[in-house]
Amino acid sequence: MAIEYKLLIKEGRWLVYDVITDEQSMLENYRAEFNKIINKESFDALLKRMKEETGRKRVTDGPARTG
């Protein structure tokens with residue numbers, strides 16, 4: 001399986017902003033999901049879901065690593 005990374009350089013560091021596998025873009029998939037929530041509910045509902053999910057990941061993943 002081929003994996004394509006889309007990168008940009010910011011402040012002298014390369015950053016990945018999209019990953020494509022089997023012609024499926026993670027960026028486009030997230031954008032579509034976010035738009036569904038915004039259209040069905042609201043932008044505030046999307047933010048609430050994102051905050052809840054981020055909180056769960058922090059608890060289960062442990063402390064964030066810094067570069």
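Model, not experiment: these values are computed from the prediction.
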>> Does Met26 form a side-chain contact (heavy atoms from CB on, under 4.5 Å) with Ile20? I'd like the steps, not just the answer.
In response: CA-CA 6 Å; Met26 285 184 67; Ile20 301 171; over 6 Å; no
> Does the side-chain contact (heavy atoms from CB on, under 4.5 Å) test come out yes or no for Val19 and Ile3, once each step is laid out?
Replying inline: CA-CA 7 Å; Val19 179; Ile3 299 176; 3.8 Å; yes
>> Under the criterion side-chain contact (heavy atoms from CB on, under 4.5 Å), I'd like the reasoning laid out for Asn29 against Gln24: C-alpha separation, chi angles, the key distance, then a yes or no.
In response: CA-CA 8 Å; Asn29 285 337; Gln24 295 292 311; 3.8 Å; yes
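Note on Glu33 versus Lys36: salt bridge recorded, some NZ/NE/NH1/NH2 to OD/OE distance being below 4.0 Å.
Note: the hydrophobic cluster containing Ile9 also contains Val16 (ILVMFWY, side chain heavy atoms under 4.5 Å, direct or indirect links).
Annotation: side chain of Arg31 is in contact with side chain of Leu27 (closest heavy-atom distance under 4.5 Å). Here the side chains of Met1 and Thr21 are in contact, with some heavy-atom distance below 4.5 Å. Side-chain contact between Asn35 and Ile37 is absent, with no heavy-atom pair separated by less than 4.5 Å.
Residues Glu28 and Ser25 approach most closely at N-OG, 3.1 Å, considering heavy atoms.
In this structure, Glu23 places its CD atom where only 12 or fewer heavy-atom neighbours from other residues, nucleotides or ligands lie under 6.0 Å away. Other residues, nucleotides and ligands contribute more than 12 heavy atoms inside 6.0 Å of the CZ atom of Phe34.
Residues meeting the ring-ring contact (aromatic ring centres under 6.0 Å, His included) test with Tyr17, sequence neighbours left out: none.
For Thr54 (side chain) and Met50 (main-chain N/O), a donor-acceptor pair under 3.5 Å exists by modelled atom type.
Taken from CZ in Arg49 to CG in Asp44, the straight-line distance is 13.0 Å, to the nearest 0.5 Å.
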